[in-house]
Each structure stands twice: as structure tokens, then as C-alpha cells.
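One is the number of the first residue; the rest follow in order along the sequence.
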Amino acid sequence: MKRVCAVLLVMMCAAAVRANALQPGVQLLCHRTANQDVPENTLESLEQAALLGCNVVELDVRRTLDGELVLNHDGILERLTDGIGETEQTYSGDLQLRDLGGWMGDRFTGLRIARFEDALSLARKMDIRLIVDMKTKGMGADVLELLQREGMLERVQFNGEWSDVKQLYPAATDAGSGTTWVQPGVTAEQVKAAHREGEAVVANFSANDHQLDLAAMKAAVAAGVDGINVDYPRLGADAVGRPVERKISELEVQANSGESLSRAKAILALSKYRGFPLQEKFAHWLLDADDPVSRAAALALVTARPQATVPVFAEALRSEHSDVRANAVWALGILHAPASALVPLLQDKDPRVLQETLMALARAPGDVSAATLLPLLSNETPAVRGAAALALAQHQPEVALKAIPAQMQVEMKASLKLGEDYERRGHPQLTPAETEDITSHFRSQMKMVQAISLLKVPGGLQALEALAFQPAEGFTQFDGMVAGFKLWDRIGADAQPAIDALGSSDSQMADRTEWMLVQAGQAVLPDVRKALGSEKPVVRERAIRIVAWQGDTESLETLRTMQKTDAANAALVAWAIEKIESLHPKV
């Protein structure tokens with residue numbers, strides 16, 4: 001009730017401006033987002049409707065089991081997702097895990113259900129108005145609260161189960177308010193008659209036999225209607241005199257000449273349009289000697305739907321410009337091109353191309369020999385060495401198990417030497433070249449840590465533990481820190497090295513290890529419980545905190561005994577007991 005009253009107060013204080021959907025000029029209304037171009041009621045489909053020129057977009061809203069407002073039409077998850085059930089009987093987190101695009105084709109796989117508030121934010125950004133078809137009763141207060149928060153209150157009309165909206169906000173209108181909806185074939189006389197009555201006129205080309213009837217759409221516009229409602233926005237845009245092709249041509253002109261980032265921005269804008277023959281143009285811009293332009297084109301080829309195939313990149317891979325080759329191979333890596341298409345690029349002499357090729361190979365299906373990859377692990381360029389470690393871990397894990405930790409030690413020694421030299425010189429202002437040298441070593445080591453964490457072969461866990469619990473200093477301290485994070489989900493298989501590290505004189509490493517064991521879950525608790533009896537006071541103290549934060553009831557008996565026998569830790573033990581009991585009140 002308090003919430004409803006608060007919403008009422010906001011609505012009463014809001015300006016009583018009628019939220020008419022139709023504005024001057026022939027308006028383009030889109031039914032259920034761009035549902036014939038992109039899976040319906042997704043953010044991507046809403047964006048597509050705006051890109052295609054729609055002024056007003058209708059979308060559908062339902063409430064999930066836990067009260068989240070999401071875009072969804074009929075509630076039947078079998079129709080639109082890879083799941084089962086009803087929207088209203090499903091938690092929002094469950095819905096976020098479901099594929100909402102694959103039903104319409106592989107090119108859309110991976111789309112997710114949209115939250116209503118995110119749709120409102122996007123609509124405001126794209127400067128469009130909405131018709132909100134409310135499919136569930138009793139959502140009015142929540143809908144109005146979100147509209148107010150997102151600044152969309154006066155840019156929305158309603159359909160469906162919206163009676164409580166009207167009660168809370170009398171200025172609200174539905175899509176029929178002040179508007180006469182007509183069918184194709186409407187005459188100029190009929191339009192004039194409606195106008196004389198003060199009514200706007202919208203001709204409907206959705207869910208009837210005229211969805212693709214461009215001639216009838218143009219005839220309705222010629223008859224003087226104020227708007228047309230469509231399922232195919234591209235046709236509608238043509239009918240109202242704002243063909244999408246005109247905007248695309250303008251973007252192409254911008255992409256072909258001018259300042260670098262302006263060209264790139266135009267290419268990225270073009271990449272958002274679905275169903276247009278733009279792939280050849282993206283492939284052409286990929287060949288551009290201007291790196292930002294080429295990279296934008298590579299990104300466009302990756303994100304455009306349908307995705308580009310390997311042959312599209314053939315010319316770019318042979319380019320005389322190294323940036324072009326690097327961008328092309330990056331795109332192939334993101335697209336998970338087969339290793340056979342990438343291996344020839346390992347003969348390239350440019351370090352950036354080599355790095356991108358190795359990064360792509362780390363994602364690529366297929367086989368790459370150890371003989372091909374091992375020499376690159378000791379390449380003169382640190383970035384290449386780091387990428388080579390990832391590729392080696394992916395394709396030759398047994399070889400990588402020995403080679404990468406060994407090279408990692410070489411990298412760490414080099415970093416320590418850089419740090420020692422920096423200390424010896426009294427922390428001077430670093431030159432750009434010196435900064436780049438230090439940074440490049442750091443980047444290489446981060447990739448090697450990632451590579452070691454990928455090794456799931458016997459001995460891989462031990463290699464990661466050795467790195468995580470190795471005392472670090474200077475420029476190498478991040479290596480152990482990142483390796484430690486990588487152990488959170490694996491340390492339960494071999495927790496003793498972590499228990500031993502709790503007693504390390506390196507307090508930062510011991511702190512990280514303590515929190516690692518807190519986050520690692522119950523698998524580590526048997527070893528932590530044993531550590532409660534450690535002869536090392538610092539290990540006992542840390543073990544007490546770990547079982548407390550984990551809420552380990554099996555430790556209570558030991559802790560109650562320690563409360564009587566371990567005077568030094570009595571206060572800490574009392575806190576731990578209280579913490580555990582607060583998590584398990586019935587214990």
C-alpha cells in the first residue's frame with residue numbers, strides 16, 4: 001500500500017501532459033518490436049525498430065514469478081526459448097539463462113529476455129515512444145514507477161490489462177485514445193471525416209493480409225493518414241517517405257572518407273542494421289590502411305548477422321598492411337575459425353599479427369603441433385610469448401605443463417630485474433619506452449597465468465598452486481594474486497598447499513589465501529578443521545576465521561573446546577562461534 005501511495009503522489013505531482021503517441025508528420029508504428037527482422041521483444045529487436053525509422057514501438061510486458069517486469073507476449077516459453085513453462089511461473093534469473101534467439105535461426109542464438117526497465121532506457125536513448133501492452137493484471141504501480149524513473153512517463157501509451165494504470169495516473173491514454181484505427185483501403189474522404197472529428201488516423205498493416213502490401217501502405221499515406229502500423233518496418237519506412245536505404249547510403253558516404261574515428265563510427269552504426277547486403281562493404285573497409293577503420297570493419301563482420309565465413313577474410317589476410325592482417329585474424333579468432341585457416345599466419349613477421357594469430361588459435365578447433373608453437377613461447381616480443389602460452393595450453397596441454405611454468409620463471413626474473421633497476425635508480429620518472437617495456441612484460445605474464453590455469457591435465461593444478469603460493473615481490477606480485485583467484489574453484493581438490501600458505505611470512509599472500517579458502521566452499525573444510533589444531537598460532541587464527549565465515553557447524557565442537565584452552569584466541573573463537581550460530585540459528 002505504501003508503494004501504491006508513493007506512486008500516486010508522484011503521478012499527481014507530474015505534469016498532466018497527455019502522452020499522445022502520434023506527433024506531426026506521418027508516423028511509423030511498429031507492432032511487437034521489429035518482430036520479422038529480429039526475435040520479438042528483445043532489446044535487439046527494439047533497437048532494430050528504431051534504426052529502421054519507427055517513431056512508436058509496441059512491446060509486451062509480463063511479470064515473472066519473483067516480480068521482475070520483462071518483455072514477453074504470450075508467456076509460453078516453448079515458443080520463444082529453449083526452455084519450458086510459463087513466464088509468470090518462472091524466476092527472472094531462470095529466464096536470463098534461456099536462449100531467446102535460436103528459435104528464429106542460428107544467427108540469433110544467444111539473445112536473452114529483456115527487462116522492461118532496460119527497454120525503457122533504450123527507448124529513451126533511441127528517442128522513440130512506446131505502446132506498452134500489459135499482459136498481466138496488477139502491474140500498474142511498478143510500471144509507472146519505472147516509467148517515472150526512466151523519464152518515459154509522457155512518452156508511453158498503454159494497451160491490455162492497464163486499468164490500474166489509469167486509476168493511478170489519470171492522464172494515461174491507450175493507443176486508441178484520440179485515434180481511429182483503419183484497415184488498408186482507407187480513402188481520403190474517410191480520413192478527412194475522422195480529422196473533422198478531431199481524431200488522428202492510423203492504418204493497420206499488422207496481423208492481416210496486408211503486412212507486405214507496400215502499394216497499399218503508400219496509398220494510405222497518400223490518403224492522408226497520420227500513421228501506419230506495421231510488422232515490417234523497412235516497408236513502412238519506404239511508404240512514409242523515409243526509406244532506410246537513404247540512411248544507409250549516408251552512413252556509407254561517411255564511412256568512405258573523412259576523419260578516422262568518424263569513419264569508424266559510421267561503420268559500427270551500419271553493423272547494427274540487420275538484413276541488408278553490407279558484408280562486401282565491411283570486407284572492403286577491412287582492407288583500409290587506417291587501423292581504426294579496419295578494426296571497426298572487422299568488428300562489424302563479427303557482430304553482423306549472419307556472421308561472415310572464412311573466405312570473406314581471404315584478401316585481408318594477404319594484405320600488405322600488417323594492421324589489416326591483424327584485424328582479419330582477430331575476427332577469425334572471435335568467430336572460432338578452424339586452426340587450419342590460421343596456422344599459415346604464424347609465418348608472418350609482424351609481432352601484432354603473430355600475437356593476434358596465437359590468440360585466435362587459443363580459441364580455434366583443430367590441431368596445432370608443439371613444434372609449431374614452442375619456438376614462439378620464447379619469441380623476442382613479450383606479447384607474442386604470452387599469446388603463444390595460451391595457444392600451447394589449448395592445443396598441447398601436456399607439453400605446456402612443462403614449458404609454460406619454465407618460461408614464466410624467466411619472465412618473472414626479467415620483471416624482478418626491471419624492478420631492481422627502478423629501485424636502484426631511486427624511482428625516477430619512467431620514459432615512454434621504459435613504461436612500455438615494463439607493461440609488455442606484465443601483459444605477457446598475465447597471459448601465461450591464464451594459460452597455466454587452463455591446464456586441466458594431471459599436474460596442472462599443482463603448477464597453478466606453485467605460482468599462487470610462491471613468494472612474490474616488486475613487479476611480479478600480480479602473478480601470484482591472479483593465480484590465487486584462479487584457484488578459488490579448484491583448490492578443494494588439493495587444499496594442503498593453501499593451508500601451508502596461511503603461515504607464510506608474506507602477509508599479503510597469506511591474506512589472499514585465507515580469503516581463497518573462505519570462497520572455495522565446503523570442499524576445503526576438512527583440511528581447515530585440521531588446521532584449527534596447528535602448532536603455528538597464525539595458522540590457527542586464520543583457520544578460526546575461515547570456518548566462521550564459512551559457517552561451518554562441524555567446527556563448533558572444536559571451537560568450544562578451544563574457547564576454554566586457547567586463551568590467546570578466546571575472543572576470536574567466541575566471535576567465530578557467534579558467527580556460525582547466527583547462520584544456523586537452530587544449532
Side-chain angles (χ1 to χ4, degrees), residues 405 408-409 412 416 445-446 449-450 452-453 459-587:
M408 185 70 186
Q409 294 303 313
M412 293 175 71
L416 285 172
Q445 289 169 58
M446 290 300 97
V449 175
Q450 292 175 28
I452 292 172
S453 74
L461 175 61
Q462 288 69 33
L464 188 60
E465 288 176 333
L467 183 59
F469 303 130
Q470 176 176 311
E473 56 183 309
F475 293 161
T476 68
Q477 59 184 312
F478 282 98
D479 301 331
M481 180 182 73
V482 176
F485 288 138
K486 295 288 189 180
L487 281 170
W488 279 20
D489 296 319
R490 299 178 64 184
I491 193 65
D494 182 19
Q496 193 55 50
I499 300 297
D500 295 339
L502 291 176
S504 172
S505 59
D506 183 338
S507 62
Q508 290 189 22
M509 190 254 283
D511 285 347
R512 293 197 302 269
T513 303
E514 178 181 329
W515 201 247
M516 174 200 306
L517 291 168
V518 171
Q519 297 288 348
Q522 295 184 357
V524 302
L525 287 176
D527 287 319
V528 176
R529 292 180 198 124
K530 293 177 183 177
L532 291 171
S534 173
E535 294 180 357
K536 296 182 177 181
V538 66
V539 174
R540 287 201 309 276
E541 180 181 334
R542 291 182 180 276
I544 292 168
R545 292 199 293 261
I546 293 167
V547 295
W549 289 119
Q550 284 229 33
D552 180 35
T553 57
E554 292 190 37
S555 298
L556 282 174
E557 183 177 350
T558 301
L559 289 172
R560 286 165 180 154
T561 299
M562 292 177 69
Q563 195 172 22
K564 301 174 183 177
T565 59
D566 189 347
N569 287 315
L572 178 63
V573 171
W575 166 83
I577 293 172
E578 181 183 1
K579 177 68 66 176
I580 295 170
E581 290 179 339
S582 71
L583 290 170
H584 305 278
K586 296 181 180 180
V587 174

message: Under 4.0 Å between a side-chain nitrogen and a carboxylate oxygen: does that hold for Glu554 and Lys530?
response: no
- request: With rounding to the nearest 0.5 Å, note down the distance linking CD1 in Ile546 to CD in Gln519.
  value: 11.0 Å
query: What distance separates Ile577 CD1 from Ser582 OG, expressed to the nearest 0.5 Å?
result: 12.0 Å
Nearest atoms (heavy-atom pairs only) where Ala495 meets Asp527: CB-OD2, 3.4 Å
task: Answer whether the closest heavy-atom distance between the side chains of Gln450 and Gln445 falls below 4.5 Å.
output: no
query: Quick one: are Arg529 and Asp552 in side-chain contact, heavy atoms under 4.5 Å?
result: yes
query: For Gln508, does the CD atom sit with more than 12 other heavy atoms under 6.0 Å from it, leaving out its own atoms?
result: no
task: Verify the neighbour count for atom CD of Glu578: are there more than 12 heavy atoms of other residues, nucleotides or ligands below 6.0 Å?
output: no
message: When you compare the side chain of Trp488 with that of Trp515, does any pair of heavy atoms fall below 4.5 Å?
response: yes
query: Heavy atoms, side chains only, cut-off 4.5 Å: are Leu559 and Gln563 in contact?
result: no
query: Of all heavy-atom pairs between Gln462 and Gly459, which one has the smallest distance, and what is that distance?
result: OE1-CA, 3.2 Å
- request: Check Ala498 against Thr513 and note the closest heavy-atom contact, atom names and distance.
  value: O-CG2, 3.2 Å
- prompt: Any sub-3.5 Å donor-acceptor pair from Ser534's side-chain atoms to Ala531's backbone N or O?
  reply: no
message: Taking the side chain as everything from C-beta on, heavy atoms only, tell me whether Arg545 gets closer than 4.5 Å to Trp575.
response: yes
task: Could you tell me the separation between the CD atom of Gln477 and the CG atom of Leu416, rounded to the nearest 0.5 Å?
output: 10.5 Å
statement: Heavy-atom nearest pair, Gly521 first then Val524, reads O-CG2, 3.2 Å
task: Applying side chain to side chain donor-acceptor pair (under 3.5 Å), name anything that partners Gln550, two or more places apart in sequence or on another chain.
output: none
- line: Paired with Leu487, the side chain to side chain contact (heavy atoms under 4.5 Å, CB included) test is passed by just one of Leu517, Leu467, Leu461, namely Leu461
query: Does Ser504 use its side chain to pair, donor to acceptor, with the backbone of Ala501 at less than 3.5 Å?
result: no
field: Heavy-atom neighbours of Gln496 CD exceed 12 at 6.0 Å
entry: yes
Contact summary for Ala468 and Gly484, nearest pair of heavy atoms: CB-N, 3.8 Å
message: Within this structure, what is the CZ-CZ distance for the pair Phe485 and Arg512, rounded to the nearest 0.5 Å?
response: 7.5 Å
- request: For residues Leu583 and Ile580, determine if any side-chain heavy atom of one lies less than 4.5 Å from a side-chain heavy atom of the other.
  value: no
message: Give me the atom names and distance for the closest heavy-atom approach of Phe469 to Met509.
response: O-CE, 3.3 Å
task: Run the numbers on Val538 and Leu502 for side chain to side chain contact (heavy atoms under 4.5 Å, CB included), then give the verdict.
output: CA-CA 7 Å; Val538 66; Leu502 291 176; over 6 Å; no
field: Within-4.5 Å side-chain heavy-atom neighbours: Asp500 and Val539
entry: no
- request: Please examine the side chains of Val449 and Met408, heavy atoms only from C-beta on, and report whether any two atoms are closer than 4.5 Å.
  value: yes
message: Under a 3.5 Å distance rule, please check whether His584 uses its side chain to pair with a backbone N or O of Gly551 as donor and acceptor.
response: yes
- request: Dump the intermediate steps for salt bridge (Lys or Arg N to Asp or Glu O under 4.0 Å) on Lys564 and Glu557, then the final yes or no.
  value: CA-CA 11 Å; Lys564 301 174 183 177; Glu557 183 177 350; over 6 Å; no
field: Distance, nearest 0.5 Å, that separates NZ of Lys486 from CD of Glu465
entry: 15.5 Å
- request: Measure the spacing between CG of Asp479 and CE of Met446 and express it to the nearest 0.5 Å.
  value: 4.5 Å
